[in-house]
Amino acid sequence: MSQLKVYNTLTRKKEVFKPINPPHVGMYVCGPTVYSDVHIGNCRTIVSFDVIYRYLQHLGYSVRYVRNITDVGHLENDSDEGEDKIAKKAKLENVEPMEVVQRYTNGFHEVVEMLNTLKPSIEPTATGHMLEQIEYVQAIIRSGYAYESNGSVYFDVEKYSEKYNYGDVSGRKIEDLKNNTRDLKGQGEKKCPLDFVIWKRADPKHTMQWNSPWGKGFPGWHLECSVMSTKYLGDEFDIHGGGMDLKFPHHECELAQNTAYSGQSQSVKYWLHSNMLTLNGEKMSKSTGQFFLPKQIFEGTTELLEKAYSPMVVRFAMMQCHYRSTMDLSNDALFAAEKGLARLKKGLESIDILKDGDQSFLDVNLIEASLESAMNDDFNTPVLVANLFDAVKQINSSVQNEKPITQEDRQKLKGLFDVYVTQIMGIQLIESSKSSDDSKTIENDLIQLAVDLRNQAKKGKDWETSDLIRNELTKLGIQLKDSKDGTKWSK
RNA sequence: GGUUGCGUGGCCGAGUGGCUAGGCACAGGUCUGCAAAACCUGCUACGGCGGUUCGAUUCCGUCCGCAACCUCCA
């Protein structure tokens, strides 16, 4: 069996994955800031790490998956006047900040559930860890890497970089950062423009504020992830994930905070980053309005797409692209994914109609090895999918040529689909058969009646009538398929 | 401007120093009263120019184009 290799942003290499305390694995992924609807680009990251989570479990690891909800502290910008995103939204809509938080947290959960992602083991919130965050700030001040200034507390990047490397995650050099920092207004409280806020003074009008040793205020955005990851996973843990765009400054700051806090410079063993989703070649982004919402795809209510695509189709489209590559979302891509998914599904169904025999036409172990090695190569789902399609091709041609398969291999082959498609990629091939209510039964019976009538017409070679029925049913969105075994229909 | 990454056939997207994924689309075929669907077969690409090499799409250099980050974003 091959070993799992993961691409570590820190070393920019694929490394053999060795957990710190096997069989336990600690994984922290940056979740959403719940100040507006989650868009489909956000979802890609969640789905990417969902597959990673699922695969680690498949390998037998006991994973503690922590994903935060940012409900305070995320500023609009880095200046002193920078406003908290949630507070701003609450003011705008004249509601409680926690109302904003609750609404968009609910929306986020609803969408990621539709995309069939597993829930994290712990989903902590920033507001729920205020004491821990204040203590963390105090600890960093004690260690000498933070200073108070006018009621706010800043992380001292220059001091930090005397002993440690600031820039490891994003691959930056401190000199370059100094030279390229834009001049922002209102940075007077900082010793150096690179310093970042870990505790922010709140003015009296601010709706979200807590008492602290430095007066009333709220935590800086980067702080919560440091605090909550180490609280639940320890000062040293295995995987930290998030979107590429968080490398700098968010993850860079997080790592610096961790190190300053614990003196342990290897707080995270593997940094994993998923790439961006693009729309017409440009990054989806809330701040530029360049995005669409998941529901617009599921319901087909965006002009950029020709029709609606189900969450499973969207998820499958994501699987056909590696998590570290940018993925361009388009109607063509989704259309192709929809057709491909149907093909995969048909392939699975065809396993049942393969002929019994003493020998098998295909080597199931070989297929299994190909699926496993794809996933072990830094979670390469596109290759996994390609290998599955290879299997489908073999299945189809065997159905055609009536080649046999042993009972044992048949079960094993079906098992592979279940494990790799359903459990690891999280794609439901078989729709959960929702108990058909009465009206649906009647509908089905009526359709069957029309089909029967048409078949009677066909028997009498009354093509005019039979085509009329077929065409009218097509107009209603019902497709008829004639075959040797009779006529089947689908919606 | 700085940093990082990318540029693959009609489209989407893997990967590799020689054996040159996969899906969609397209073409031909099987099936069919005709369709549709399904299935089978076909379709040999890696931005330009140099270099290293027996051999490069893959390594190196350079040029062009694109993107991300450098300010909030998954």
Side-chain angles (χ1 to χ4, degrees), chain A residues 9 12 29-33 35-36 38-49 74-79 82-83 85 167 170-173 175-177 179-182 184 221 241-250 252 273-278 281-288 290-291 316-317 319-322 324-344 346 350 370 374 377 380-390 392-393 395-397 399-401 458 461-463 466-467 470-471 474 479-484 488-490:
Chain A
T9 304
R12 291 183 202 177
V29 174
C30 288
T33 300
Y35 69 103
S36 66
V38 62
H39 69 68
I40 195 67
N42 303 128
C43 294
R44 187 192 182 195
T45 302
I46 304 299
V47 168
S48 295
F49 285 97
H74 203 155
L75 302 182
E76 286 285 316
N77 58 56
D78 199 26
S79 71
E83 222 177 335
K85 290 189 176 200
S170 56
R172 284 155 210 271
K173 295 193 175 92
E175 293 77 24
D176 294 338
L177 284 167
N179 294 336
N180 288 302
T181 303
R182 295 183 194 180
L184 287 169
W221 174 41
M244 288 264 193
D245 53 347
L246 294 185
K247 276 191 202 173
F248 191 91
H250 186 56
E252 206 63 77
H273 289 98
S274 62
N275 217 319
M276 300 293 100
L277 199 60
T278 61
E282 267 181 69
K283 177 188 166 184
M284 286 206 190
S285 167
K286 280 183 193 172
S287 56
T288 57
Q290 160 88 6
F291 69 93
F316 186 65
M319 292 302 111
Q320 286 187 290
C321 179
H322 189 87
R324 278 192 292 113
S325 298
T326 53
M327 174 188 175
D328 198 49
L329 199 69
S330 64
N331 190 68
D332 285 353
L334 289 171
F335 186 79
E338 189 173 53
K339 299 291 282 270
L341 185 57
R343 185 178 159 85
L344 200 60
K346 189 81 201 317
S350 294
S370 78
D377 184 15
N380 199 327
T381 54
V383 169
L384 170 66
V385 171
N387 292 341
L388 282 165
F389 276 119
D390 278 339
V392 167
K393 195 165 199 172
I395 292 163
N396 285 338
S397 92
V399 169
Q400 202 83 357
N401 303 323
K458 274 180 68 178
K461 302 210 174 194
D462 180 2
W463 310 128
S466 78
D467 286 354
R470 183 174 65 195
N471 292 341
T474 305
Q479 290 239 319
L480 296 193
K481 295 165 191 172
D482 291 336
S483 74
K484 286 174 199 160
K488 288 177 185 168
W489 61 270
S490 64

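Residue numbers begin at 1 in each chain, while the letters A, B, ... track the order of the sequences. FYI, side chains are in, hydrogens and waters are out, and symmetry mates aren't considered; it's all heavy atoms of this structure. Because the structure is a prediction, the values reported are computed rather than measured.
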Item to check | For Asp462(A), all residues meeting salt bridge (Lys or Arg N to Asp or Glu O under 4.0 Å), sequence neighbours excluded | outcome: none
Item to check | Sequence-distant partners of Lys458(A), salt bridge (Lys or Arg N to Asp or Glu O under 4.0 Å), two or more places apart | outcome: Asp482(A)
Item to check | Donor/acceptor link under 3.5 angstrom from Arg470(A) side chain onto base of rA35(B) | outcome: yes
Please tabulate, one pair per line, all N/O donor-acceptor pairs under 3.5 Å involving side-chain atoms of residues 330-339 of chain A, not counting sequence neighbours.
unit_1    : atom_1 : unit_2    : atom_2 : d
Ser330(A) : OG     : Ala333(A) : N      : 3.1
Asn331(A) : OD1    : Glu306(A) : N      : 2.9
Asn331(A) : OD1    : Tyr309(A) : OH     : 2.9
Asn331(A) : ND2    : Glu306(A) : OE1    : 3.2
Asn331(A) : ND2    : Glu306(A) : OE2    : 3.4
Glu338(A) : OE1    : Lys307(A) : NZ     : 2.7
Glu338(A) : OE2    : Lys307(A) : NZ     : 3.0

Next on the checklist: Does a side-chain N or O of Lys286(A) approach OP1 or OP2 of rC72(B) to a distance below 4.0 Å, or not?
Outcome noted: no
Checklist outcome for this item: Sorted by chain and residue number, the side-chain hydrogen bond (donor to acceptor under 3.5 Å, both in side chains) partners of Asp377(A) (sequence neighbours excluded) come out as Lys14(A)
Next on the checklist: Using atom P in both nucleotides, what's the gap between rU53(B) and rG47(B) to the nearest angstrom?
Outcome noted: 23 Å
Checklist entry - Pairing of RNA chain B as dot-bracket, 5' to 3': ( ) intra-strand, [ ] crossing, | other strand, . unpaired, with Watson-Crick or G-U pairs under 3.5 Å? => result (((((((..(((.....[...))).(((((.......)))))....(((((..]....))))))))))))....
Item to check | Separation of atom CZ in Phe248(A) from atom P in rG5(B), rounded to whole Å | outcome: 17 Å
Item to check | Worked verdict on Glu252(A) versus Ser170(A) for side-chain hydrogen bond (donor to acceptor under 3.5 Å, both in side chains) | outcome: CA-CA 7 Å; Glu252(A) 206 63 77; Ser170(A) 56; 2.5 Å; yes
Checklist entry - Roughly how many Å is it from NZ in Lys173(A) to P in rG2(B), rounded to a whole number? => result 14 Å
Checklist outcome for this item: Looking only at rU3(B), rC40(B), rA74(B), the nucleotide nearest the Ser397(A) side chain is rC40(B)
Checklist entry - Counting any heavy atom closer than 4.0 Å, what does Leu277(A) reach on the DNA or RNA strands: base, sugar-phosphate only, or nothing? => result base
Checklist entry - Can you tell me how far P in rA35(B) sits from the matching atom in rU20(B), rounded to whole Å? => result 37 Å
Checklist entry - With a 4.0 Å cut-off on heavy atoms, is Leu480(A) in touch with a base, just the backbone sugar-phosphate, or nothing at all? => result base
Next on the checklist: Expressed as a whole number of angstroms, how long is the span from Leu246(A):CG to rC70(B):C1'?
Outcome noted: 15 Å
Item to check | Earlier contact from the 5' end, RNA chain B, for Arg12(A) and Cys30(A) | outcome: Arg12(A)
Next on the checklist: Let me spell it out: for each of Pro32(A) and Phe316(A), pick the nucleotide of RNA chain B with the closest heavy atom. Which residue's pick is nearer the 5' end?
Outcome noted: Phe316(A)
Checklist entry - How far, in whole Å, is rC43(B) from rA68(B) if one measures between their P atoms? => result 38 Å
Checklist entry - Which one, rA38(B), rC72(B), rC40(B), comes nearest to the side chain of Lys346(A)? => result rA38(B)
Checklist entry - Stacking check: are the rings of Trp463(A) and rG33(B) less than 5.5 Å apart at their centres and under 30 degrees in tilt? => result yes
Item to check | Span that lies between the P atom of rG7(B) and that of rC59(B), in whole angstrom | outcome: 10 Å
Checklist entry - Counting any heavy atom closer than 4.0 Å, what does Met276(A) reach on the DNA or RNA strands: base, sugar-phosphate only, or nothing? => result base
Next on the checklist: Just the rounded figure in Å: distance from P of rA67(B) to CD of Gln290(A).
Outcome noted: 11 Å
Checklist entry - Can you check the His74(A) NE2 to rC72(B) P distance for me, whole Å? => result 7 Å
Checklist entry - Is there a side-chain contact between Gln290(A) and Thr278(A) (heavy atoms, below 4.5 Å)? => result no
Item to check | Between P of rA38(B) and NZ of Lys339(A), the distance in whole Å | outcome: 6 Å
Next on the checklist: Taking the C1' atom in each of rG9(B) and rG15(B), what is the distance between them to the nearest angstrom?
Outcome noted: 15 Å
Item to check | Any residue meeting ring pair (Phe, Tyr, Trp, His ring centres under 6.0 Å) with Phe389(A), in chain and number order, not counting sequence neighbours | outcome: none
Next on the checklist: If you only use heavy atoms from C-beta on, which nucleotide in rA74(B), rC69(B), rA21(B) is closest to the side chain of Lys283(A)?
Outcome noted: rC69(B)
Item to check | C1' gap between rG18(B) and rA27(B), integer Å | outcome: 31 Å
Checklist outcome for this item: In whole angstroms, the gap separating P of rG23(B) from CG of Asn387(A) amounts to 11 Å
Next on the checklist: Using every non-hydrogen atom in the two residues, find where Asp328(A) and Gly281(A) come nearest and quote the distance to one decimal.
Outcome noted: OD1-N, 3.1 Å
Checklist entry - Rounded to whole angstrom units, what separation is found between the CG atom of Leu334(A) and the P atom of rG23(B)? => result 18 Å
Checklist entry - Picking from rC72(B), rA21(B), rA74(B), which would you name as closest to the side chain of Asp245(A)? => result rA74(B)
Next on the checklist: Heavy atoms only, 4.0 Å cut-off, all strands: where does His39(A) land among base, sugar-phosphate and nothing?
Outcome noted: base
Next on the checklist: Please encode protein proximity along nucleotides 8-14 of chain B as a string of B, S and -, counting only heavy-atom distances under 4.0 Å.
Outcome noted: ---SSSS
Next on the checklist: Using a strict threshold of under 4.0 Å (side-chain N to carboxylate O), is an ion pair present between Asp390(A) and Lys393(A)?
Outcome noted: no
Item to check | Sugar-phosphate, base or nothing in reach of Gly41(A), heavy atoms under 4.0 Å | outcome: base
Checklist entry - Can Lys247(A) and Met244(A) be said to form a side chain to side chain contact (heavy atoms under 4.5 Å, CB included), step by step? => result CA-CA 6 Å; Lys247(A) 276 191 202 173; Met244(A) 288 264 193; 3.7 Å; yes
Checklist entry - Which of these nucleotides, rC72(B), rA25(B), rG33(B), is closest to any side-chain atom of Ser466(A)? => result rG33(B)
Item to check | Whole-angstrom distance between rG42(B) and rC54(B), as gauged at atom C1' | outcome: 33 Å
Checklist entry - Expressed in whole Å, how much space separates the C1' atoms belonging to rU8(B) and rU58(B)? => result 11 Å
Item to check | Counterpart residues, ring pair (Phe, Tyr, Trp, His ring centres under 6.0 Å), relative to His39(A) (two or more places apart) | outcome: Phe291(A)
Checklist entry - Is the distance from OP1 or OP2 of rC70(B) to the nearest side-chain N or O of Arg172(A) less than 4.0 Å? => result no
Checklist entry - With sequence neighbours excluded, what pairs up with Arg324(A) under the salt bridge (Lys or Arg N to Asp or Glu O under 4.0 Å) test? => result Asp378(A)
